[in-house]
Each structure stands twice: as structure tokens, then as C-alpha cells.
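Worksheet: one structure, shown below.
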Amino acid sequence: MANRNAQGYFLGSNYAVGVGIGANQILTGTAQVPLLLEELVLDSTADDGIITAIRLAGQNLFASNSSVPLKIFKSYSFAHRDSSSSLSVPIDRNQTFQVSLTNGAAAADYVMSVGTTPLINPDGSEVASTPDVNQLGSLLNYVFGFGGYQNVGAAATVTFTATALRNCTLGKLIICNDQPAAFGALSDITIDSIQVNNIELLSSAAGEVIPAETLGILSMIDLDDSLVAYNVELNSTVSITVTNRNAAVAQNISMAAFCLPSFVE
């Protein structure tokens, strides 16, 4: 087996220590050789951080106008069971990959890693350069956020809404709360509706719901079942309605969907 190219293993970042309550922070990784960026993993001592932007050479990879829960990128996340959460975008020598985040309710540390594959020619030589980031089109669609954590009160119903910034295809949907990961953490939460421009995507009849735990942070369901697999056009509204079935305990909930490769520009 050929050796992996030097400087072609993982792309790391600065280690942010003690980010203050509600403070903003940017994690930056600078590529030393042309690479294909793959799985993004974020580590933090907190579970309530929010990602406000993910940028490749200055271009934002968000497909919606809303933020994303950082928790879905932790190493144990359902996101990493397959390649559906791979960035799958090239980065050139000396270009930066950045994650902008906002810390939660207690000081916390943050750092990231990105899996990489060196970009080489068939003869084994390094590629001269990667495609211009401004010409990547739908490849810039990485994740579709629905905003930060919203309080879903006891016996309450809340709708999360976001607007598409580009044509995109929704892929794996993940829902989480702001507490340490645990099986059954969302056992009292149901997903009542998933709509794109008022078109219902759930297969069930009105009033029939699905357990949010199906798409929770530790879910083990099959990839094919977890994909929304629905094309969303520019400026379309995507809304997801959830209900807290617990009559006594509130939860802070957030969610995001990774994007599938799309041929709709």
C-alpha cells in the first residue's frame, strides 16, 4: 500500500480555551497541500454551542439562513455513521477552512478536525490547483440549519423555520437537545410535521407523529430511512414542527439536515 502524502492526514485547528458565556469564536484550519475535505468533527466541553457559519476560503457552506447545533458534529454523532455528512469539497494550498461558533451557558473549550484525502494526479504528483471555490455551485451546500436551541415547554408545540439560500437537496436530518448525549434523551419529543413551502413530507395522516428519538444524536437507523431526499429551491421555506409530550419538563431543542449532492443548480 502506498504511503499517504505528507501533510495529508487530518486538517486541525487552533484550540480555543475557555470561550466565555455567549462569546463568539472562530476555529481555523489552513491547508498545506491541496486536499479533499471530508468528515468534520468538533470537540467541546459544552453541549449547547451553536455554529453560525462554516466557510471555505470565505464562502459560507450553509444552505439555509439559520444556525446549526454544534452537537451534531461531535465524534459520537449519528452524522458520522456514513458519508452523508462529508464536506466533499476541495481546498487548495494555503486556503482556510473556518467554523464560526457561539458558546453556550458556561465557559468551554473548542477544537475541530476534518478528515482529508490528498489530491494527486494519476502519476502520483500533487495537483497544480483545485477548482475555484466560487465555481463549486451546489457543492457549497453542506448543511441546512434551523437555528439555535429553542425552548419547547412542557406540553408545548414549536415550529422551526428556515429559508434556503440556494437550490439544495435535504439529506440526513438530526435533532438534539442541549444536554449530554444519552439514549432516550428525546423520548418525550415528537416530530409532527416536516414541510417545504407548505408541502407535507411525512407519509402519515394528519395528527399522526413520529418519535424524535428516531433521528436523535445517537440514532442507529439505516441511512436510507434517515434521508429526507427532497429538492428545495432558492428562497423556499422549510419548517419542522415538534411537540413536547412531557407535561412537566421543558427541553431545549435544535436540529439540522445535511445536504445531498444535487444536480439542481
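Just so it is clear, the structure is predicted and the values come from calculations on it, not from any experiment. For reference, positions follow the sequence shown, starting with 1. Because only heavy atoms are used, hydrogens play no part in the values below, and waters and symmetry mates are left out as well, while side chains stay in.
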Single hit among Leu170, Leu227, Asn231 for side chain to side chain contact (heavy atoms under 4.5 Å, CB included) with Leu260: Leu227

Measuring only between side-chain heavy atoms, which start at C-beta, is Ile253 closer than 4.5 Å to Ile175? yes

Within a strict 4.5 Å, meaning less than it, do heavy atoms of the Leu40 and Ser85 side chains meet? no

Of all heavy-atom pairs between Phe144 and Ala162, which one has the smallest distance, and what is that distance? CE2-CB, 3.7 Å

Check this for me: Asn198, atom CG, are more than 12 non-hydrogen atoms of other residues, nucleotides or ligands nearer than 6.0 Å? no

Nearest 0.5 angstrom please: Gln251 CD to Ser187 OG, how far? 7.5 Å

Tell me if a side-chain donor or acceptor on Gln25 pairs with a main-chain N or O of Val19 at a distance below 3.5 Å. no

Verify same cluster id: Phe160, Leu165 (apolar side-chain graph, 4.5 Å): no

Measuring only between side-chain heavy atoms, which start at C-beta, is Val99 closer than 4.5 Å to Ile51? yes

For the pair Thr116 (side chain) and Tyr9 (backbone), establish whether a donor and an acceptor sit closer than 3.5 Å, ignoring hydrogens and angles. yes

Is a side-chain N or O of Lys172 found less than 3.5 angstrom from the main chain of Phe78, in a donor-acceptor match? yes

Out of curiosity, does Ile191 fall in the hydrophobic cluster containing Val158 (side-chain heavy atoms, cut-off under 4.5 Å, transitive links)? yes

State yes or no: do Val196 and Ile210 share one hydrophobic cluster built from I, L, V, M, F, W and Y residues joined by side-chain heavy-atom distances below 4.5 Å, directly or via other members? yes

Which is it for Thr45 and Asp109 under the side chain to side chain donor-acceptor pair (under 3.5 Å) test, yes or no, and what are the steps along the way? CA-CA 6 Å; Thr45 53; Asp109 299 348; 4.9 Å; no

From Cys176 atom SG to Ile72 atom CD1, the distance as rounded to the nearest 0.5 Å: 7.0 Å

Taking Met220 as the starting point, is it possible to reach Leu186 by hopping between hydrophobic residues whose side chains are less than 4.5 Å apart? no

Sort out for me which residue in Ile174, Leu42, Asn177, Asp48 forms a side chain to side chain contact (heavy atoms under 4.5 Å, CB included) with Lys71. Asn177

If hydrophobic clusters are built from ILVMFWY residues whose side chains come within less than 4.5 Å, do Ile221 and Phe183 share one? yes

In Å and rounded to the nearest 0.5 Å, what is the CG to CZ distance from Leu218 to Arg81? 11.0 Å

Can you confirm whether the side chains of Asp188 and Asn244 place a donor and an acceptor under 3.5 Å from each other? no

Would you check, one step at a time, whether the test side chain to side chain donor-acceptor pair (under 3.5 Å) holds for Glu233 with Asn167? CA-CA 4 Å; Glu233 295 183 346; Asn167 293 343; over 6 Å; no

Value rounded to 0.5 Å, distance of CG in Leu101 from OH in Tyr110: 6.0 Å

Main-chain N/O of Thr52 paired to Ser67 side chain as donor or acceptor, under 3.5 Å: no

Donor-acceptor pair between Glu38 and Thr117 side chains, under 3.5 angstrom: yes

With heavy-atom distances below 4.5 Å as the criterion, would you say the side chains of Met255 and Ile240 are in contact? yes

Note, Pro211 side chain near Thr190 side chain (heavy atom, < 4.5 Å): no

Compare all side-chain heavy atoms of Tyr142 with those of Asn60 and state whether any distance is below 4.5 angstrom. no

So do Arg55 and Ser100 actually touch side chain to side chain, heavy atoms under 4.5 Å? yes

Quick one: does any side-chain atom of Arg93 pair with a main-chain N or O of Pro34 as donor and acceptor, under 3.5 Å? no

Looking at Arg245 and Asp192, is there a salt bridge between them, counting it only when a charged N and a carboxylate O are closer than 4.0 Å? yes

Thr159 side-chain N/O to Thr241 backbone N/O, donor-acceptor pair under 3.5 Å: no

Judged by modelled atom types alone, do Asn141 and Arg166 share a side-chain donor-acceptor pair under 3.5 Å? yes

So does Ala23 get a backbone contact from the side chain of Asn103, meaning a donor-acceptor N/O pair under 3.5 Å? no

Taking Ser66 for its side chain and Phe146 for its backbone only, find out whether a donor-acceptor pair lies under 3.5 Å. no

Find the distance between CG (Leu223) and CG (Asp82) and round it off to the nearest 0.5 Å. 4.0 Å

What pair of heavy atoms forms the shortest contact from Ala181 to Ile217, and how long is it? CB-CG2, 4.0 Å

Does a donor on one side chain and an acceptor on the other come within less than 3.5 Å for Thr243 and Thr157? yes

Between Ser219 and Glu213: side-chain donor-acceptor atoms closer than 3.5 Å: no

Could you go through Thr30 and Gln95, starting from their C-alpha distance and side-chain angles, then the distance that decides it, and tell me whether this counts as side chain to side chain donor-acceptor pair (under 3.5 Å)? CA-CA 6 Å; Thr30 306; Gln95 284 187 339; over 6 Å; no

Strictly by modelled atom types, are Ser88 and Ser86 linked by a side-chain donor-acceptor pair under 3.5 Å? yes

Is a side-chain donor or acceptor of Thr169 paired with a backbone partner of Ala229 at a separation under 3.5 angstrom? no

Side-chain donor/acceptor of Ser44 to backbone N/O of Ala46, under 3.5 Å: yes

Mind checking the CD1-CG spacing from Ile194 to Leu202? Nearest 0.5 Å is all I need. 4.5 Å

Check the angle between the aromatic planes of Phe258 and Phe73 and answer parallel, tilted or perpendicular using the 30° and 60° thresholds. perpendicular

Can you find a side-chain donor-acceptor pair between Thr102 and Asn24 that sits under 3.5 Å? yes

Under a 4.5 Å cut-off applied to non-hydrogen side-chain atoms, are Ile199 and Tyr230 in contact? yes

